[in-house]
K.L.:
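Quick one: the structure is below, questions incoming.
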Protein chains: 2
Amino acid sequence: MTTIKEIAQQLNVSASTISRALNGKKGVSETLRRQVIKLSEKLGYYPDSNATALVKKRVGVLAVVIPRDSDFVFTTPFFPRILLGINRAANNAGYNILLSTGADKDFSSLYHRKLVDGLLVVGHRIDDRNVLNLEHSGIPNVVVPGFPDKKGPDLISVDGENIQSVKRAVSYLCSMGHHKIAVITGASNSKYSIERLRGFRQGMADANIEINEQYLLESDFSVADGSRMMAILLQMKDRPTAVMAINDAVAMGAIQEIERWGLKIPQDISLLAVGGSDVLDGINPPVTSIKIPTIQIGEKAVELLIAQIEGKPIQKRKIVFPTDLIVRESTGICKPE
Amino acid sequence: MTTIKEIAQQLNVSASTISRALNGKKGVSETLRRQVIKLSEKLGYYPDSNATALVKKRVGVLAVVIPRDSDFVFTTPFFPRILLGINRAANNAGYNILLSTGADKDFSSLYHRKLVDGLLVVGHRIDDRNVLNLEHSGIPNVVVPGFPDKKGPDLISVDGENIQSVKRAVSYLCSMGHHKIAVITGASNSKYSIERLRGFRQGMADANIEINEQYLLESDFSVADGSRMMAILLQMKDRPTAVMAINDAVAMGAIQEIERWGLKIPQDISLLAVGGSDVLDGINPPVTSIKIPTIQIGEKAVELLIAQIEGKPIQKRKIVFPTDLIVRESTGICKPE
DNA sequence: TTGTAGGCGTTATCAA
DNA sequence: TTGATAACGCCTACAA
């Protein structure tokens, strides 16, 4: 393995000169620098990042931490999608990505052991001790989605807008004549669940419609649970006329269940999804969705993390991206009974 | 930041003793060892992996290299799925994962710069120079899927069985009376395309059916291309009665297109997918598939990579997992015209 | 059982 | 412009 020393010997100069030449520092004659570069290429020299990190106190690696079971991570469309943004932004900035998944792992040791320069936590629950502990840890970090307003630790976070987005969607459904609106939410320790449900309640209140609490069902964000909850809704004597799904996976499951019952969307029941990944692209009819700019969220999160690592100032600690309500064919006018 | 030295000072012993105590080496009195461990926990000591790597010549990180555009990677179901297996196995073995995607990147520098102990290349094309160069590089590596028989470099690889699998599927379709069978393949520089197409040709030959070369279309493995190719097939005057899709994404696209034409599966046309991820789970009717054990492939690949890194013997350099033909409802008996 | 010394590959400081 | 030296944090002969 070629080291700086070998290059130095062959050129009859000192190692420090090689270092300077290779790192573009001043104080090396141009002719010498050229020789050094040429020889180092010829010898196939690569700097040892461990040695560099030891003295520079920086590795050039970001940890992407997804504190959930691997099965969940790699089967939920949200994660690949945000990974796309993260990966793109990290590459552009010259950082590598270390991927760490698994619930209840003490991921902060990745930082303490100097494997990474900072942590990007994605898809955490709001009662995750390891995430909460980040607050006064001194570890550069960004969390996605973060914590509901006025609650939780003061961490730098990035998310899509949830409350207004859902309010708008509810208002839209109401304008189509729907009163009996169901929501398949996710676990109650998820920021998504909390805020989207809050938006739902506000939207219904604004429209002056009473909420049937039986219509609010909690899923585990999976396709299977989407089906299960949809089945519960469908077998009610007083069925809802519209259903909002907390994410694309749940929407997918719900759609399947509706089809299984031989019902038509939107003729028999309207369906709206919060999400916007392309897993629903194949679905017929095209699904009305609140589109979360997931890729951008990932990119922004990386940007903020790197800013912290490199000691640049952070202006805004909670970034919230606006969403789009994309009306397609899965929602329609509520048929009078 | 706590170092070994500080612990040493506080205990009035030398740093080397601390090192020995913490690493469970012999030659330290048990009482001292206990003290050391207790104090190091109290101080929140973490070994610096860069320093350790510098002397031990091992980082404990595996690179997962996907030499394709990020967009492709994170929207193709195959990758999240194999990542699941990789992640699981790496964790169990105490390794971390560095994820690197992007076409035409010289990923071998990850190894040379000592960021990782070895490379796990996934989803490469067979003419990828960077992959081909791995052969005599001395870099511990495993490639998935590898190269077609008797061709390409002698690299350690893991894949699902392709040729026999497709032969069996073709034989099944023929037994249902299909003669006009189309295949939507992928790029011709993909091992999957090559071997599955080979299996198709052999299967058709075995069944003594002539192949209509117009029925063989090349896609880019995407949903969109699946639709596009399906459209081409559907507008032929002499339509195929069965279609085989190279992967789940293409199958998805094909199904959408068939629906768009108002045709029924399998009544009007049979469809079979090679793949077996759960993205097709939602589809109606359930899709007949050649199920590739993708997760296991990932796990095995990690196992082989770690074996190399740790200098253990490799018995078999080309691992091929058997597949299952899962007959569901998207394939049916060919209606006589 | 414990300590000393040297080294892993690189950078940074200070002289020359 | 260049070189010598120390230092980053840890490990490992070898000595004591």
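Letters A, B, ... are given to chains in the order of the sequence lines, protein chains preceding strands, and every chain is numbered from 1. Source: prediction; values computed, not measured.
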K.L.:
Anything under 3.5 Å between a donor and an acceptor, one on a side chain of residues 302-314 of chain A, the other on a protein residue two or more places apart or in another chain? List them.
P.N.:
{"unit_1": "E303(A)", "atom_1": "OE2", "unit_2": "K300(A)", "atom_2": "NZ", "d": "3.0"}
{"unit_1": "Q308(A)", "atom_1": "OE1", "unit_2": "N141(A)", "atom_2": "N", "d": "3.2"}
{"unit_1": "Q308(A)", "atom_1": "NE2", "unit_2": "N141(A)", "atom_2": "O", "d": "2.7"}
{"unit_1": "E310(A)", "atom_1": "OE1", "unit_2": "K312(A)", "atom_2": "NZ", "d": "3.0"}
{"unit_1": "E310(A)", "atom_1": "OE2", "unit_2": "Y95(A)", "atom_2": "OH", "d": "2.9"}

K.L.:
Quick one: salt bridge (Lys or Arg N to Asp or Glu O under 4.0 Å) pairs with a partner in residues 17-30 of chain A, sequence neighbours left out?
P.N.:
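Qualifying pairs, neighbours excluded: E30(A)-R33(A).
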
K.L.:
Would you jot down, in residue-number order, the residues of residues 28-35 of chain B having a non-hydrogen atom under 4.0 Å from DNA chain C?
P.N.:
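Here the set is V28(B), S29(B), L32(B).
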
K.L.:
Just how large is the angle between the end axes of the helix from dT1(C)-dA16(D) to dA16(C)-dT1(D), five pairs per end, to 10 degrees?
P.N.:
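About 40° separates the two local helix axes.
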
K.L.:
With side chains defined as the heavy atoms from C-beta onward, is the minimum distance between I86(A) and V122(A) less than 4.5 Å?
P.N.:
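Sidechains of V122(A) and I86(A): in contact.
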
K.L.:
Quick one: N12(B) CG to dT2(C) C1', roughly how many Å, whole number?
P.N.:
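Rounded to the whole Å, the gap is 13 Å.
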
K.L.:
Just checking K114(A): base, sugar-phosphate only, or nothing, at a heavy-atom cut-off of under 4.0 Å?
P.N.:
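Contact class for K114(A): none.
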
K.L.:
Just call it for K26(B): base, sugar-phosphate, or nothing, with non-hydrogen atoms closer than 4.0 Å on any strand.
P.N.:
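Since no nucleic acid heavy atom lies under 4.0 Å of K26(B), the category is nothing.
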
K.L.:
Which pairs, with at least one residue in residues 133-142 of chain B and sequence neighbours excluded, count as a salt bridge (Lys or Arg N to Asp or Glu O under 4.0 Å)?
P.N.:
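Not a single pair qualifies under salt bridge (Lys or Arg N to Asp or Glu O under 4.0 Å).
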
K.L.:
Between which nucleotides of DNA chain D, read 5' to 3', does contact with chain A run, using atoms under 4.0 Å from its heavy atoms?
P.N.:
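Here the contact window of chain A covers dT1(D) to dG9(D).
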
K.L.:
Using atom types as modelled, flag every donor-acceptor pair under 3.5 Å from a side chain in residues 37-45 of chain B to any protein atom, sequence neighbours excluded.
P.N.:
{"unit_1": "S40(B)", "atom_1": "OG", "unit_2": "V36(B)", "atom_2": "O", "d": "3.4"}
{"unit_1": "S40(B)", "atom_1": "OG", "unit_2": "I37(B)", "atom_2": "O", "d": "2.9"}

K.L.:
With a 4.5 Å limit on heavy-atom distance, are the side chains of F79(B) and P80(A) in contact?
P.N.:
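When only atoms from C-beta onward are counted, P80(A) and F79(B) do not touch, as no gap falls below 4.5 Å.
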
K.L.:
Expressed in angstrom and rounded to an integer, what is the separation of I7(A) atom CD1 from dG9(C) atom C1'?
P.N.:
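These atoms are roughly 12 Å apart.
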
K.L.:
Working to the nearest 0.5 angstrom, can you tell me the gap between Q296(B) CD and I319(B) CD1?
P.N.:
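That separation rounds to 12.0 Å.
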
K.L.:
Which pairs, protein N/O on one side and nucleotides 10-12 of chain C N/O on the other, fall under 3.5 Å?
P.N.:
{"unit_1": "dT10(C)", "atom_1": "OP1", "unit_2": "Y45(A)", "atom_2": "OH", "d": "2.5"}
{"unit_1": "dT10(C)", "atom_1": "OP1", "unit_2": "D48(A)", "atom_2": "N", "d": "3.3"}
{"unit_1": "dT10(C)", "atom_1": "OP2", "unit_2": "I4(A)", "atom_2": "N", "d": "2.7"}
{"unit_1": "dT11(C)", "atom_1": "OP1", "unit_2": "N23(A)", "atom_2": "ND2", "d": "3.2"}
{"unit_1": "dT11(C)", "atom_1": "OP2", "unit_2": "S19(A)", "atom_2": "OG", "d": "2.7"}
{"unit_1": "dT11(C)", "atom_1": "OP2", "unit_2": "N23(A)", "atom_2": "ND2", "d": "3.4"}
{"unit_1": "dA12(C)", "atom_1": "OP2", "unit_2": "K25(A)", "atom_2": "NZ", "d": "2.9"}

K.L.:
Looking at D149(B), D159(B), D128(B), D127(B), which hits salt bridge (charged side-chain N to carboxylate O under 4.0 Å, His left out) with K191(B)?
P.N.:
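Between K191(B) and the candidates, salt bridge (charged side-chain N to carboxylate O under 4.0 Å, His left out) is satisfied uniquely by D159(B).
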
K.L.:
Strictly below 4.0 Å: does T17(B) bring a side-chain N or O up to OP1 or OP2 of dT2(C)?
P.N.:
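False: T17(B) side-chain N/O out of range (4.0 Å or more) of dT2(C) OP1/OP2.
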
K.L.:
Pairs under 3.5 angstrom only: tabulate donor-acceptor contacts from the side chains of residues 61-70 of chain A to other protein residues two or more places apart or in another chain.
P.N.:
{"unit_1": "R68(A)", "atom_1": "NH1", "unit_2": "G123(A)", "atom_2": "O", "d": "2.9"}
{"unit_1": "S70(A)", "atom_1": "OG", "unit_2": "T101(A)", "atom_2": "OG1", "d": "3.2"}
{"unit_1": "S70(A)", "atom_1": "OG", "unit_2": "N87(B)", "atom_2": "ND2", "d": "3.0"}

K.L.:
Calculate, to the nearest 0.5 Å, the distance between atoms CD1 and CD1 belonging to I4(B) and I18(B) respectively.
P.N.:
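Going from CD1 on I4(B) over to CD1 on I18(B), the span is 7.0 Å.
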
K.L.:
For K105(B), which residues count as a side chain to side chain contact (heavy atoms under 4.5 Å, CB included) partner, sequence neighbours excluded?
P.N.:
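Result, side chain to side chain contact (heavy atoms under 4.5 Å, CB included) vs K105(B): N91(A), S100(B).
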
K.L.:
What pairs with I194(A) under side chain to side chain contact (heavy atoms under 4.5 Å, CB included), at least two apart in sequence or on another chain?
P.N.:
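Partners of I194(A) by the side chain to side chain contact (heavy atoms under 4.5 Å, CB included) criterion, ordered by chain and then number, come out as I126(A), P148(A), R198(A).
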
K.L.:
If a pair satisfies salt bridge (Lys or Arg N to Asp or Glu O under 4.0 Å) and one of its residues is in residues 54-63 of chain A, list it, with sequence neighbours excluded.
P.N.:
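Qualifying pairs: none.
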
